[in-house]
Amino acid sequence: MAPTIVAPITNSSEITDFIISKGNGVKGLSEMGLKSLPKEYVQPPEERMSMSQIMHQESIPIIDMSSWDDPNVAESICNAAEKWGFFQITNHGVPIEVLESVKEATHRFFGLPAEEKSKFLKENSPSNNVRFGTSFTPEAEKALEWKDYLSLFYVSEDEASALWPPVCRDQVLEYMKSSEAVIKRLLEALMKRLNVKEIDEMKESVLMGSKRINLNYYPTCPNPELTVGVGRHSDVSTLTILLQDDIGGLYVKGDNGRWIHVPPVSGSLVINVGDALQIMSNGRYKSVEHRVVANGSKNRISVPIFVNPRPCDMIGPFPEVLEGGEKAAYKQVLYSDYVKLFFSKAHDGKNTVEFAKI
Ligand SMILES: COc1cc(/C=C/C(=O)SCCNC(=O)CCNC(=O)[C@H](O)C(C)(C)COP(=O)(O)OP(=O)(O)OC[C@H]2O[C@@H](n3cnc4c(N)ncnc43)[C@H](O)[C@@H]2OP(=O)(O)O)ccc1O
Ligand SMILES: O=C(O)CCC(=O)C(=O)O
Ligand SMILES: [Fe+2]
């Protein structure tokens with residue numbers, strides 16, 4: 001096949017057109033072999049990661065879930081959710097082959113030609129529930145983020161069969177299905193500590209009534225020190241179950257404000273508390289700021305499953321948490337209002353949660 005000749009991209013509108021409108025993403029830009037970072041991606045110094053901000057001696061807990069019935073396991077999960085808001089789990093019951101095949105499927109999707117991927121851009125996608133994009137909210141961001149993504153909001157198997165990209169659909173569905181048991185176990189343990197004895201239908205809906213899965217692709221970057229893969233944010237989910245590959249680059253904010261690396265552990269899943277669980281637990285479990293650095297020599301992928309309330313659910317502190325006389329720190333908010341606020345602005349740390357504070 002004759003090589004495609006690509007003219008150099010020089011100005012801002014050409015960048016936007018090539019990356020956003022034509023569906024090449026930052027992957028397309030990276031593959032052109034550009035020597036320096038376009039100015040649109042240069043983050044202000046306070047948003048870049050410097051070595052002095054990293055705390056090398058700390059690490060988030062790694063919890064072995066093989067003896068699930070041992071009360072120490074549930075205890076470790078709740079302690080980690082209170083102190084760190086982040087932990088890794090091993091022996092979680094999701095087969096390693098399922099994890100490997102969803103990673104392969106992610107590479108397959110991003111390996112498609114831009115014309116194929118652009119069928120899922122917001123303007124072209126057959127549904128709002130399937131979206132291929134780049135950065136986070138390019139229209140609201142002063143500086144763009146070095147990441148492309150495919151975001152899939154799960155409605156039903158039938159909808160997924162009809163609308164999700166066939167190159168990754170089955171593997172993504174399998175990963176979602178096989179992670180259900182561990183998600184339930186985690187939530188059961190976390191609820192017990194909140195005095196919620198049973199996860200009835202109402203609680204199940206508000207804790208895990210909707211799911212979104214993102215396939216993230218962070219291409220090699222010419223000046224990784226000047227930009228970010230994902231800027232500082234907390235997730236708006238109840239819990240996030242994240243599969244990362246073996247490259248590394250995810251950092252979590254520790255309680256002294258410095259950043260702790262989440263090292264890839266083969267076969268593990270990273271779990272983090274989202275804003276919805278912080279609100280429902282009245283602040284007992286913490287959604288913690290995290291970010292992803294760009295990489296100068298390697299492409300990285302990650303696959304988070306965001307476990308959420310349903311968009312139509314009202315969320316607020318559970319009555320069981322307030323039974324002992326604790327004052328509510330958050331009001332009742334409509335979850336879709338909360339998520340729309342999150343998606344309407346650039347990443348801004350933990351600011352979204354202010355919307356729900358009393
Ligand atoms: C992408 O990079 C990210 C993502 C994240 C995500 C972290 C999370 O925690 S995701 C969990 C989000 N929660 C849910 O999906 C819960 C359930 N869903 C909803 O409540 C709704 O689907 C909705 C998201 C509120 C959308 O409501 P709808 O009424 O259908 O309206 P839309 O027109 O579809 O969207 C409204 C508005 O939201 C933005 N948006 C929607 N989906 C996405 C998406 N997948 N990615 C980015 N932005 C999205 C968008 O601004 C829409 O406005 P437009 O004018 O652009 O249409 C963490 C870190 C990352 O880097
Ligand atoms: O890629 C990662 O490791 C984390 C991505 C993330 O924080 C997100 O998609 O919300
Ligand atoms: Fe996140």
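Bear in mind that the values here come from a model prediction, so they are computed numbers and not experimental data. First listed ligand is number 1; within each ligand, the first listed atom is number 1.
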Within one Ile-Leu-Val-Met-Phe-Trp-Tyr cluster: L207 and V307, side-chain cutoff 4.5 Å: yes
F86 and H290 aromatic centres sub-6.0 Å: yes
At less than 4.0 angstrom from any non-hydrogen atom of V292, what atoms of ligand 2 do you find? 1 (O), 2 (C), 3 (O), 4 (C)
Where's the contact between Y149 and ligand 2, heavy-atom distance under 4.0 Å: side chain, backbone, both or neither? neither
Can S268 and Q88 be said to form a side-chain hydrogen bond (donor to acceptor under 3.5 Å, both in side chains), step by step? CA-CA 6 Å; S268 75; Q88 306 212 52; 3.0 Å; yes
Geometry at the Fe ion (ligand 3) - D235 OD1 versus H233 NE2 angle, rounded to 10 degrees: 90°
List the residues meeting ring-ring contact (aromatic ring centres under 6.0 Å, His included) with F132, not counting sequence neighbours, and say none if there are none. F109
Any N/O pair D235/ligand 2 closer than 3.5 Å: yes
Could you pull out all donor-acceptor pairs under 3.5 Å where a side-chain atom in residues 349-358 meets a protein atom, sequence neighbours excluded?
unit_1: K350; atom_1: NZ; unit_2: Q278; atom_2: OE1; d: 2.5
unit_1: K350; atom_1: NZ; unit_2: S287; atom_2: O; d: 2.7
unit_1: K350; atom_1: NZ; unit_2: S287; atom_2: OG; d: 3.1
unit_1: T352; atom_1: OG1; unit_2: K345; atom_2: NZ; d: 2.8
unit_1: E354; atom_1: OE2; unit_2: K357; atom_2: NZ; d: 3.1

Would you please determine whether L242 falls within less than 4.0 Å of ligand 2 on a heavy-atom basis? yes
Examine H290 against ligand 2 and note whether any of their N/O atoms are separated by less than 3.5 Å. yes
Nearest to the Fe ion (ligand 3), which N, O or S atom of H290 do we find? NE2
Please work out which of the three classes, parallel, tilted or perpendicular, describes the rings of F136 and F343, given edges at 30° and 60°. tilted
Could you check whether K286 pairs with E82 (Lys NZ or Arg NE/NH1/NH2 to Asp/Glu carboxylate O, under 4.0 Å)? no
What are the atoms of ligand 2, with element, lying closer than 4.0 Å to any heavy atom of R300? 1 (O), 2 (C), 3 (O)
Are any of the N/O atoms on H233, whether in the backbone or the side chain, positioned under 3.5 angstrom from an N/O atom of ligand 2? yes
Within a distance under 4.0 Å of any heavy atom of N216, pick out the atoms of ligand 2 and give their elements. 5 (C), 9 (O)
Per-atom contacts of ligand 2 with P304, taking only distances under 4.0 Å to non-hydrogen atoms: 9 (O)
Under 4.0 Å between a side-chain nitrogen and a carboxylate oxygen: does that hold for K203 and D200? no
